[in-house]
Every structure is written in structure tokens, then in C-alpha cells.
2 protein chains.
Amino acid sequence: MPYKEKSETDIKLYYTIGEVADKFGVNASLIRFWEKEFEALRPKKNATGKRLYTKTDLENLQLVYNLVKIEGYTLEGAKKVIDGKLFDNRKDKKIIRSLQEIRMFLHGLRNAIENESPVQTPKDTFDKYDNIE
Amino acid sequence: MPYKEKSETDIKLYYTIGEVADKFGVNASLIRFWEKEFEALRPKKNATGKRLYTKTDLENLQLVYNLVKIEGYTLEGAKKVIDGKLFDNRKDKKIIRSLQEIRMFLHGLRNAIENESPVQTPKDTFDKYDNIE
DNA sequence: TCCGATTTTTCTTTGTAGGGCATAATCTCT
DNA sequence: AGAGATTATGCCCTACAAAGAAAAATCGGA
């Protein structure tokens, strides 16, 4: 049994770089190159230095792939996104502000209903949005 | 009076490429280069071919500047964003879905209030969020 | 206030550093 | 023998900047 360790239910634990490259339709050299650029893309290696990719490694790779190949970020831009230094831009800000205003309004509304009216209040529906941002 | 036309209240209508370049802290050649890449960045020109930038031109330029210089998009990536082919990614999707659920809930709530209760309904407050996305 | 001289700004065209990989050569492991 | 590793090198665009010419703005003297 090589590096594709299998459990009794035949679930693959590790992927080789060739398999990963095929999955994403890219050259293996690109995966090695990105590895130098992104800390999140450094897989475990076996005793002889062969790369062993886990599901989590694949997810990280998918994120980088989406940012760079689909959305059109530069490598530096993708790093910024991954480091969470951005996101709060453009439309996002407006949307979040809208959500906050709505939440405030809903809280006020709930208080009004609870204090003045015998109507059944859908409490959990309100609470559902309390930790959105 | 040159290209900086002024109204009686001294409001500038057009900016030269040099002024624009200074505002953004970039080389004028970059502005000309971007002009070839982005349709939205083609300002009006006077009879001799000199570029005349309006406020709107500056806003468009600001958008491109943010995407390319702040967020780290490639020029192609920035084009995609501007053409609205993307945006619906990552966190955004969840936020929009939340907004839509809230809107549906609010509409239901408004109907309930209007039909069953003599409470004053803040109609415009609801309507305010009707065209968010 | 008009004219020429000088400086500044803009134009278009051309040049280029480096970002983003791929390929080549060589070696190792299995 | 086939896949993977490392290192070096090659290379094509992307993303601008620089160069050179032309036009516009500023200034100084008559």
C-alpha cells in the first residue's frame, strides 16, 4: 500500500501531487510554485519528501484556485484576502450596514410587541440573525 | 479661460489628466493605459484631443483603482467584477441570502400587522430595503 | 495687450522589469 | 519504469514607465 492509506471503509486519506494536479486541471509545477507563495498550501511530507495532501489541503488549494484562476486576483491580492485583511469593501459594507439597521429595527419592534401586545412573537426568528457580523 | 471651465460659483467641471494623476498619486501614463483596458475610463476629449475628466470619470477611476491597487485584482479580474460577472462569492452569498430571508419575513409580518392589528405600520421602513439586491 | 521665449503639460509610441508560471536536467524512491 | 523531488533556467505576457514630439500655459518686454 503506497501513500494512499485506506481505512477499512476505503476512504482515501492522502492524495499525491499528481492526483491533485489532475483534479484541478493544472500542472504539478504550479502546485509546487504556489506552495512557495502560500503558507496554507504546505502539505505534510513522508519520510522521503513526497507530498501528502489531505482533504483540508485540497480545500485550501481550492480557495487559492478560485481567487487566482476564477476571480482574477493576483497572487499578492489572494494573500491579502486569505489573511483577512480585506473583504470589508464595496457593496459588502453597504449590505452589512443594512443588516445592522434592520437588526436594530427588529429589536425595537420586538420590544414594542412584547411590551404592548399579546401577539405571539417569533423570537427565534429574530435571534437567528444576531451573530451575522 | 482654458479647460478648467468654471461656473459662477466656481465649481470645476473638468479635470486634466495631470490633476487626476496627482489626486490618485499615480503616473499619468497609467491612467492612459487603463483607459485602453476599461471602457468605463474613456473621458471626453476637447477639440485638440486633450482629455477632460468629469466627477463621474473620477468615480469610475476610483473603482478601478480600488480593485487593482487596493484589493489586488488583475486587470482582467477587475473587468469581471465591473461587468458584474462575479461578486456572488464567498461570504457575500450568505449575507444576501440572509437579507432575502429577512425581507420575506418582514413582508409576512407587515401583512399580518395590516390585516389583524390597528397598530401603526412603519411602511416606508420596510420599503426601504426592497431593492437592496 | 500683443509677441516671442521659456517652461510646463499632454500627446502617442516604444521600451522593459518582473509576475507567473513551464520546461529541462538530474536524482531518489518504490 | 514511472512518479515525484529539487534546482536552474527560460520565457511569455502583464502592467506599467520612459522618451520624444507637440501643444498649452506662463512670463517679460515693448
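A note on names: the letters A, B, ... follow the listed sequences, proteins ahead of strands, and every chain is numbered from 1. Nothing here was measured: the structure is a model prediction, and the numbers come from that model.
In this structure, CG of Leu52(B) is placed 12 Å from C1' of dT10(C), rounded to the nearest angstrom. Straight-line distance from the CZ atom of Phe24(A) to the P atom of dC21(C): 14 Å, rounded to whole Å. The distance between atom CD of Glu35(A) and atom P of dG20(C), rounded to the nearest whole Å, is 17 Å. One interatomic measurement links the two molecules: CD of Glu76(B) to P of dC13(D), which rounds to 14 Å at whole-angstrom precision. The separation between Tyr65(A) atom OH and dC21(C) atom P is 11 Å, rounded to whole Å. In this entry the distance linking CZ of Phe33(B) with P of dT13(C) reads 15 Å, nearest Å. Nucleotide dG20(C) holds its C1' atom 16 Å from the CG atom of Leu67(A), rounded to whole Å. In this structure, NZ of Lys79(B) is placed 10 Å from C1' of dT14(D), rounded to the nearest angstrom.
In this model, the phosphate group of dC11(C) is approached by a side-chain N or O of Arg51(B) to a distance below 4.0 Å at OP1 or OP2. Within the structure, a side-chain polar atom (N or O) of Arg32(B) is placed less than 4.0 Å from OP1 or OP2 of dC11(C). OP1 or OP2 of dC16(D) has at least one side-chain nitrogen or oxygen of Lys69(B) nearer than 4.0 Å. Side-chain N/O atoms of Lys45(A) include one lying less than 4.0 angstrom from OP1 or OP2 on dT6(D). Listed pair Thr16(B) / dT10(C) meets the phosphate criterion, a side-chain N or O lying under 4.0 Å from OP1 or OP2. Regarding contacts with the backbone of dA24(D), a side-chain N or O of Thr48(B) is found under 4.0 angstrom from either OP1 or OP2. Contact between the side-chain N/O atoms of Trp34(A) and the OP1/OP2 oxygens of dG20(C) is not found at any separation under 4.0 Å.
With Phe33(A) as the fixed residue, the side-chain contact (heavy atoms from CB on, under 4.5 Å) test singles out one of Asn27(A), Leu41(A), Leu75(A): Leu75(A).
Annotation: side chain of Leu52(B) is not in contact with side chain of Lys45(B) (no heavy-atom distance under 4.5 Å). Lys44(B) places none of its side-chain heavy atoms less than 4.5 Å from the side chain of Thr54(B).
Here the straight-line distance linking atom CG of Leu61(A) with atom CZ of Phe38(A) works out to 10.0 Å at 0.5 Å rounding.
The side chain of Ser29(B) has dA17(D) as its nearest neighbour among dC21(C), dC11(C), dA17(D). With dA17(D), dT12(C), dA24(D) as the choices, the nucleotide that has an atom nearest any side-chain atom of Lys50(B) turns out to be dA24(D). Distance from the side chain of Asn27(A) is smallest for dT23(C) among the nucleotides dT23(C), dG20(C), dC11(C).
Nearer the 5' end of DNA chain C, as judged by each residue's closest nucleotide, is the contact made by Ile17(B), out of Leu75(A) and Ile17(B). Each of Gly49(B) and Thr74(B) was matched to the nucleotide of DNA chain C holding its nearest heavy atom; the match closer to the 5' end belongs to Gly49(B).
At the heavy-atom level, Lys36(A) lies nowhere under 4.0 Å from the strands shown.
Under 3.5 Å, the side chains of Lys55(A) and Tyr15(A) contain a donor-acceptor pair of N or O atoms.
In summary, Lys79(A) and Glu76(A) engage in a salt bridge, as defined by a charged side-chain N under 4.0 Å from a carboxylate O.
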